Asks: 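One structure is given below, represented as structure tokens, and several questions about it will come after.
Model, not experiment: these values are computed from the prediction.
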Amino acid sequence: MNNENEGLQHRRGFIGRDIIGIAVIIAIAAIGYFAFPDNLALLTRMITIALLVLSLDLVTGYCGVATLGHAALFGSGAYAAGILSAHYGINDPLLMMLAGIAGGAVAGLLCGAIILRAHGLPQLVLSIALINLFHEFANKASTWTGGSDGLSGIAPDPVFGLFEFDLYGHTAFFFGMALLLIVFVLLRVLVRSPFGMLCRAIKQDPLRIRAMGASPKAALIRMYAISGAVAGVGGALNAISTQVVGLDSLSFTQSAEALVMLVLGGTGSLFGALSGTVIFMLFEDYVSAANPFHWLTMVGALLIAVVLFAPKGLYGTAAAFVGRRREQRS
């Protein structure tokens, strides 16, 4: 009976923290909307990259898979949504989003099947090779992707036939926020599910999981596909909001920056992934505008300081500090 009560209180604690977290996300989005009314494109871009970083956290933070090619999943989702509109005239945003999810998931299955054949540094090499292959394929398939000129002619219809994608970016911002909240809630359920706990256990001790009769590789490939679907949401949102898809969506730089954002916020935490994205992109935007010649130096100094003094990331270190204070009080 006591165990049941403790379990119920534990679940209520999780739900309470989730509600608070969602409220904080909405509050930050509202502050951003009123603080940057003329720069909603930046906020929408932050949402698309946040979805990419969340997807990366699933495989790197929760599963321990080293990758520097996750933009392949993001770009696949972007091109899938863009091609559906530009070449087939299917401009419904929800159908374009489904195409992006499918494109990202398929890319996730392919990349996962290849990357998971190795471990450690060879995984990084394979991921870099894959992102270069995806980039080169998109460049050569210019009939479908537009090549180095980019895929244009994307013209999404109004959402539900009511909300047009205006030049000021209002519809794109609210559409993106709705997607981010839905994805975030689903991922919170996923990482606490038995499957999510299995993936965490595989990160800690794959040999024991294999001895128990489970297949670590099969579970990781499934997580890679889910991660690809999440990245595909971000890619499709990017295609819908900007109405163009360029080769930069499949660049190594995009992958590396996503990993930097994840480390900045804290791996193995969805809140850490979101906070790292917001902090990095706001800091980058502000510093590059204030000092266009030396802004990379300032960004580098920030990252060095975080790695040295907050190795768990900004959110991870703050959460650990709050946890220690609670233990001391109790």
Side-chain angles (χ1 to χ4, degrees), residues 10-58 61 93 97 159-160 162-163 165-166 168-192 230-231 233-234 237-238 240-241 257-258 260-287 289 302 306 310 312-326:
H10 199 54
R11 285 193 294 272
R12 287 177 178 174
F14 274 130
I15 294 173
R17 285 194 292 272
D18 287 350
I19 293 174
I20 293 173
I22 292 171
V24 170
I25 293 172
I26 294 173
I28 292 174
I31 292 171
Y33 178 79
F34 290 108
F36 304 98
D38 299 324
N39 201 6
L40 294 179
L42 172 63
L43 300 182
T44 306
R45 174 68 176 169
M46 289 173 61
I47 295 171
T48 63
I49 299 302
L51 289 164
L52 170 60
V53 179
L54 284 171
S55 71
L56 177 61
D57 196 24
L58 290 179
M97 189 58 60
V159 181
F160 301 122
L162 299 173
F163 307 103
F165 287 90
D166 56 294
Y168 298 100
H170 294 90
T171 300
F173 172 73
F174 287 111
F175 184 57
M177 276 306 304
L179 290 172
L180 179 62
L181 290 173
I182 292 171
V183 169
F184 182 81
V185 171
L186 292 176
L187 292 186
R188 289 292 287 178
V189 174
L190 173 69
V191 298
R192 288 203 300 264
V230 175
V233 173
L237 176 61
N238 185 63
I240 292 170
S241 60
E257 286 188 351
V260 167
M261 295 177 202
L262 180 59
V263 172
L264 181 63
T267 60
S269 168
L270 300 180
F271 288 111
L274 291 179
S275 60
T277 304
V278 172
I279 293 169
F280 180 88
M281 295 193 71
L282 285 179
F283 185 81
E284 181 184 47
D285 182 71
Y286 176 77
V287 172
L302 170 66
V306 169
K312 294 182 179 180
L314 295 176
Y315 176 84
T317 302
F321 175 77
V322 172
R324 288 195 300 268
R325 291 295 298 271
R326 286 179 177 173

Asks: Could you tell me whether a side-chain N or O of S241 sits under 3.5 Å from a main-chain N or O of N238, the two making a donor and an acceptor?
Replies: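 Yes: the side chain of S241 pairs with the backbone of N238.
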
Asks: Rounded to the nearest 0.5 Å, what separates atom CG in L56 from atom CE in M261?
Replies: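 Here the rounded value is 10.5 Å.
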
Asks: Could you tell me the separation between the CD1 atom of I47 and the CG atom of L42, rounded to the nearest 0.5 Å?
Replies: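 Here the interatomic distance stands at 10.0 Å.
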
Asks: Could you tell me which residues satisfy side-chain contact (heavy atoms from CB on, under 4.5 Å) with Y33, sequence neighbours excluded, listed by chain and number?
Replies: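 Result, side-chain contact (heavy atoms from CB on, under 4.5 Å) vs Y33: L40, H170, F173, F174.
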
Asks: Nearest 0.5 angstrom please: L282 CG to T277 OG1, how far?
Replies: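 Those atoms lie 10.5 Å apart.
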
Asks: Measure across L237 and M97 and return the closest heavy-atom pair with its distance rounded to 0.1 Å.
Replies: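 In this case the closest contact between L237 and M97 is N-CE, 3.9 Å.
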
Asks: Applying side chain to side chain contact (heavy atoms under 4.5 Å, CB included), run through I22 and I26 and close with a yes or a no.
Replies: CA-CA 6 Å; I22 292 171; I26 294 173; 3.9 Å; yes

Asks: Angle class for the F165/F175 ring planes (parallel below 30°, perpendicular above 60°, tilted otherwise)?
Replies: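 Correct class here is perpendicular.
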
Asks: Which residues pass the side-chain contact (heavy atoms from CB on, under 4.5 Å) test with L302, sequence neighbours left out?
Replies: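 Once residues adjacent in sequence are excluded, the partners of L302 under the side-chain contact (heavy atoms from CB on, under 4.5 Å) criterion are F283, V306.
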
Asks: Holding to side-chain hydrogen bond (donor to acceptor under 3.5 Å, both in side chains), I want the full list of residues that pass it with D57, two or more places apart in sequence or in another chain.
Replies: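 Scan of D57 (side-chain hydrogen bond (donor to acceptor under 3.5 Å, both in side chains), adjacent residues dropped) gives none.
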
Asks: Counting C-beta onward and ignoring hydrogens, is there a side-chain heavy-atom pair between L274 and F184 closer than 4.5 Å?
Replies: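 Yes, close enough: below the 4.5 Å cut-off.
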
Asks: How close do V278 and M46 get, heavy atom to heavy atom, and via which atoms?
Replies: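 The pair with the smallest heavy-atom distance is CA-CE, 3.6 Å.
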
Asks: Just verifying a value: how many Å separate L43 CG and I28 CD1, rounded to the nearest 0.5 Å?
Replies: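 Reported to 0.5 Å precision, the distance equals 11.5 Å.
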
Asks: What's the separation between atom CZ in F36 and atom CD1 in I31, rounded to the nearest 0.5 Å?
Replies: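 One finds 10.5 Å between CZ of F36 and CD1 of I31.
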
Asks: Grab the two heavy atoms, one from L51 and one from G234, that are nearest each other, plus how far apart they are.
Replies: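 Smallest heavy-atom distance, with atoms named: CD1-CA, 3.6 Å.
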
Asks: For S275 and Y315, which heavy atoms make the closest approach, and how far apart are they?
Replies: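 Nearest heavy atoms, S275 then Y315: OG-CB, 3.4 Å.
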
Asks: Measuring from atom CD1 of I25 to atom CG of L180, what distance do you get when rounded to the nearest 0.5 angstrom?
Replies: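 One finds 6.0 Å between CD1 of I25 and CG of L180.
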
Asks: Is there a donor-acceptor pair closer than 3.5 Å between any side-chain N or O of T267 and the backbone N or O of V263?
Replies: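 Absent.
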
Asks: Between T44 and G169, which heavy-atom pair has the shortest distance, and what is it?
Replies: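 The pair with the smallest heavy-atom distance is OG1-O, 4.4 Å.
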
